[in-house]
Chemist: 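Got a structure for you, questions after.
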Amino acid sequence: MGTWNFLWFLTKKVATGALIGITVSDRFASIVSINGMSMHPTLTPGSTTLMGWLKGDQVLLEKFCLDKYEFSHGDIVVFKSPSNYKETCIKRLIALPGDWMKVPETYEIIEIPVGHCWVEGDNAASSLDSRTFGPIPLGLIQGRAVCIIWPPERACKVERRIPEGRISSY
Amino acid sequence: MAAWGRLAFFETLLFQQVGLVFQQVSWNFGPCGALLIWSRDGGFGTHLDERETSGPSMAPTLNNDGDVLIVERLSSRHGRIYPGDIVIACSPQNPNIKICKRVIGLEGDHISFHPNVGSRKVITVTVPKGHVWLQGDNIMHSQDSRHYGPVPFALLKGKVWMRFCIVVS
């Protein structure tokens with residue numbers, strides 16, 4: 001009988017912990033690991049093995065910005081890829097709805113449509129971003145990167161950086 | 001600090017796996033929105049925007065005043081959405097509101113439609129990779145993919161499974 005009581009106690013604890021965990025990772029904050037070179041100088045990836053994976057950056061996401069979907073220029077955001085729902089990407093937010101923006105490597109100037117944004121990787125050479133698939137809906141965004149928490153020697157705040165001379169909002 | 005970070009990371013992984021089971025069936029309340037668990041994507045309850053769900057865009061199928069629907073979230077996570085399903089999605093024009101529409105076509109399908117109500121012109125588009133084409137059942141009064149184009153699959157939040165009850169206003 002004591003075993004069953006213990007199992008029931010354990011089940012209750014696990015269920016409570018899971019509910020709290022879902023709520024926290026869904027509403028407040030979660031942690032993502034970086035793989036891919038698209039943000040290279042800012043965030044570095046690890047390799048696919050376990051030890052290499054621990055060497056890669058782990059980034060803390062905050063999700064409070066998703067209540068009203070309010071972002072600022074230069075934030076690093078995590079979003080679901082518009083061409084594949086299983087992939088998650090991390091890129092820098094360049095332009096927000098209503099901005100007029102110069103498309104890189106062309107002479108085009110486009111207006112970002114309502115409810116959309118323009119994202120680009122810091123490492124333009126190996127980055128699959130809005131230059132390929134155009135502006136993405138804001139609803140795809142999963143959170144905003146706040147700081148690097150792992151490895152310890154690289155732990156720092158992720159700073160905003162706004163590219164100059166690209167955007168004009170009026 | 002570092003050890004704490006690793007622990008929190010593994011806990012998050014575990015809880016996300018458990019979360020899949022909990023979010024399998026969730027309840028979407030229309031105008032009478034009540035939240036049972038406070039979760040962004042709706043653990044067991046989400047507000048749907050009144051203008052969109054209780055509007056006329058799905059008129060013969062769903063009520064004008066709004067219905068209480070049971071929505072299951074596993075199909076959209078695992079890609080099992082097919083033409084003809086009614087889905088809940090995040091609006092591409094305003095991320096704060098959710099829309100309820102029927103899936104007409106998946107990636108690679110060719111869709112023909114009239115750009116405006118009553119016009120003779122027909123436009124044919126191909127749905128790009130990873131997108132779906134959403135349209136309301138009441139095509140006269142529906143703001144859908146004919147206006148804002150194909151919608152990324154990742155914006156779909158769940159498939160409507162059944163109607164639970166009707167809201168009497």
Side-chain angles (χ1 to χ4, degrees), chain A residues 14-15 17-33 53-54 58-61 63-64 66-71 79-89 97 113-117 133-143 147-155, chain B residues 1-23 35-44 75-81 89-99 106-107 127-132 147-157:
Chain A
V14 168
L19 285 181
I20 295 171
I22 295 163
T23 313
V24 168
S25 72
D26 217 31
R27 300 264 335 170
F28 306 128
S30 69
I31 297 166
V32 292
S33 61
W53 178 70
L54 281 178
Q58 313 285 332
V59 174
L60 182 72
L61 292 185
K63 305 207 167 188
F64 291 103
L66 297 181
D67 287 341
K68 296 265 181 239
Y69 284 93
E70 284 168 349
F71 300 96
F79 60 95
K80 293 271 183 191
S81 164
S83 54
N84 183 359
Y85 68 98
K86 286 175 189 160
E87 270 178 24
T88 310
C89 313
V114 60
H116 286 63
C117 62
F133 44 67
I136 62 161
L138 280 172
L140 291 175
I141 293 180
Q142 309 280 309
C147 57
I148 302 172
I149 56 171
W150 184 267
E153 66 268 17
R154 279 178 54 80
Chain B
M1 169 66 193
W4 182 86
R6 249 172 85 181
L7 184 70
F9 178 66
F10 286 122
E11 275 183 357
T12 316
L13 272 187
L14 174 73
F15 290 148
Q16 276 173 354
Q17 294 307 311
V18 179
L20 283 182
V21 181
F22 275 98
Q23 296 192 352
L35 280 168
L36 300 183
I37 290 183
W38 195 41
S39 150
R40 185 172 53 80
D41 264 357
F44 288 95
S75 309
S76 58
R77 276 170 195 255
H78 295 269
R80 290 193 298 266
I81 298 269
C90 191
S91 167
Q93 290 184 317
N94 183 355
N96 292 315
I97 64 178
K98 299 239 173 86
I99 55 175
L106 301 178
E107 58 182 23
V127 182
K129 185 176 178 298
H131 287 62
V132 291
H147 304 92
Y148 44 70
V151 175
F153 198 98
L155 284 184
L156 303 185
K157 298 296 178 200

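In what follows, chains are A, B, ... by sequence order, proteins preceding strands, each numbered from 1.
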Chemist: Can you name the residues that form a side chain to side chain contact (heavy atoms under 4.5 Å, CB included) with A:F71, not counting sequence neighbours?
Modeler: A:C65, A:L66, A:Y69, A:D75, A:V77, A:L93, A:L96, A:L138, A:I141

Chemist: Taking side chain to side chain contact (heavy atoms under 4.5 Å, CB included) as the definition, give me every residue that meets it alongside B:K129, ordered by chain and number, with sequence neighbours left out.
Modeler: A:N84, B:E107

Chemist: With a 4.5 angstrom heavy-atom cut-off, could you sort out which part of B:P128 is near chain A: side chain, backbone, both or neither?
Modeler: neither

Chemist: Can you name the closest pair of heavy atoms from B:N96 and A:D67 and give their distance?
Modeler: OD1-O, 3.6 Å

Chemist: What closest approach, in Å, do A:L140 and B:L155 show between heavy atoms, and which atom pair accounts for it?
Modeler: N-CD2, 3.7 Å

Chemist: Is it the side chain or the backbone of B:S76 that comes within 4.5 Å of chain A heavy atoms, both, or neither?
Modeler: backbone

Chemist: Could you tell me whether the side chain of B:C90 reaches within less than 4.5 Å of the side chain of A:P137, counting heavy atoms only?
Modeler: no

Chemist: Please rank A:G115, A:S81, A:P82 by heavy-atom pairs under 4.5 Å with chain B and give me the top one.
Modeler: A:P82

